[in-house]
Amino acid sequence: MRLIAAHGAPVFVIGTPLSHTLSPLIHNVAFETAALPHRYFALQVQPDELSRFVDIIRQLDSPGANLTLPHKEKICSIISDRDPEVEQLGAANTIYNHAGKLRLANTDIYGFSRLLEPWLHKVRDSGVLVLGAGGAARACLVALQQLNCQQIFLWNRTPEKALKLAKELGGSSLQTLGDSALQSGQFAAAVVVNATSVGLQEPEPEIFPQKLIQPGMVGIDLIYNRSTKFLQNFQQCGAENSDGLAMLVYQAARSWQLWTGQKPPIKAMFKAINDRVKES
Ligand code: NAP
């Protein structure tokens, strides 16, 4: 049996739930702009269907797929060929075809590094505080280590998780902070990254004390589809700030490049997503 795709093999994002994903918009605009015949679809796949899904993309000769919750870790037990970032994060967000074999990648580290570009001097010289110890925080920490950030502080609501993550990642530049050290500003960081999901909660708890924000600081919230209180506090204090939209677009662009071997049409990808976010 061999499935034949009518127009260019399809590319998928799989997960559950998937109702809010912006990935089809970004990738379909990129395929159209580059005049490639592929189309990108969101597909609800349950954990017990993951192996079957991998068989199907092999049969379709698909360029690959994106993976979101709950498949990012489990896929590592199904596809053994993988990029070094997947080993570092223990999770993959991309399947692509590498010399005829399916291989795993994680493009979140790249996406976050690109988001940081306007502030690289501050990141390297003035220290960074990361709030959170989930999958997104882990990608941020690995990116910061790769960028040779001299001092990284890590705080998490559940301190045991921050300690475990710091131990796993290692390195003398990474130090965990307790609640009282955070609240009293006992850290030297000009860049604060909110890698928690608090901005999705109503009402949003104040995770980083506004009294600690100085005009020369930078606040980054990885959430991309709303103006969080965290970011508003930085704005009110005259400090630079960014949501996570650039990370979303750049991680998508990197996946797209792995699938097509072409330079991604990044401007068109940003325009599509900016237009959509403005509409909502
Ligand atoms: P996750 O693995 O579920 O981790 C959630 C984190 O948020 C944990 O550190 C958790 O702390 C913390 N948290 C949740 N509620 C909190 C509260 N009320 N107070 C303090 N801390 C709280 O999620 P994730 O995958 O890392 O994602 C985190 C955020 O990043 C999400 O909002 C996601 O949308 C965003 N994200 C954006 C991009 C992008 O491309 N821009 C990519 C990935 C993720 P505990 O450990 O104490 O529970």
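Ligands are counted one by one from 1 in listed order, and the atoms in each one are counted from 1 as well.
The CG atom of N241 sits 10.5 Å away from atom CD of Q236, with the distance rounded to the nearest 0.5 Å. With values rounded to the nearest 0.5 angstrom, C237 atom SG is found 9.5 Å from L212 atom CG. Going from atom CE of M217 over to atom CD of E240 covers 12.0 Å, rounded to the nearest 0.5 Å.
Identified under the salt bridge (Lys or Arg N to Asp or Glu O under 4.0 Å) test for residues 175-204, with sequence neighbours left out: E202-R226.
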Atom pairs and distances, ligand 1 N/O vs protein N/O under 3.5 Å:
unit_1: ligand 1; atom_1: 2 (O); unit_2: G135; atom_2: N; d: 3.3
unit_1: ligand 1; atom_1: 7 (O); unit_2: S197; atom_2: N; d: 3.2
unit_1: ligand 1; atom_1: 9 (O); unit_2: A133; atom_2: N; d: 2.9
unit_1: ligand 1; atom_1: 9 (O); unit_2: N156; atom_2: OD1; d: 2.7
unit_1: ligand 1; atom_1: 11 (O); unit_2: N156; atom_2: OD1; d: 3.3
unit_1: ligand 1; atom_1: 15 (N); unit_2: Q201; atom_2: NE2; d: 2.9
unit_1: ligand 1; atom_1: 18 (N); unit_2: R157; atom_2: NH1; d: 3.4
unit_1: ligand 1; atom_1: 18 (N); unit_2: Q201; atom_2: OE1; d: 3.1
unit_1: ligand 1; atom_1: 26 (O); unit_2: G135; atom_2: N; d: 3.2
unit_1: ligand 1; atom_1: 26 (O); unit_2: A136; atom_2: N; d: 2.8
unit_1: ligand 1; atom_1: 40 (O); unit_2: L248; atom_2: N; d: 3.4
unit_1: ligand 1; atom_1: 41 (N); unit_2: L222; atom_2: O; d: 2.9
unit_1: ligand 1; atom_1: 41 (N); unit_2: G244; atom_2: O; d: 3.0
unit_1: ligand 1; atom_1: 46 (O); unit_2: N156; atom_2: ND2; d: 2.9
unit_1: ligand 1; atom_1: 46 (O); unit_2: K161; atom_2: NZ; d: 3.0
unit_1: ligand 1; atom_1: 47 (O); unit_2: R157; atom_2: NE; d: 3.0
unit_1: ligand 1; atom_1: 47 (O); unit_2: T158; atom_2: N; d: 3.1
unit_1: ligand 1; atom_1: 47 (O); unit_2: T158; atom_2: OG1; d: 2.4
unit_1: ligand 1; atom_1: 48 (O); unit_2: R157; atom_2: NH2; d: 2.9

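Between the side chains of T228 and D221, at least one donor N or O sits under 3.5 Å from an acceptor N or O.
Remark: side-chain polar atoms of S62 are paired, donor with acceptor, to backbone N or O of P10 under 3.5 angstrom.
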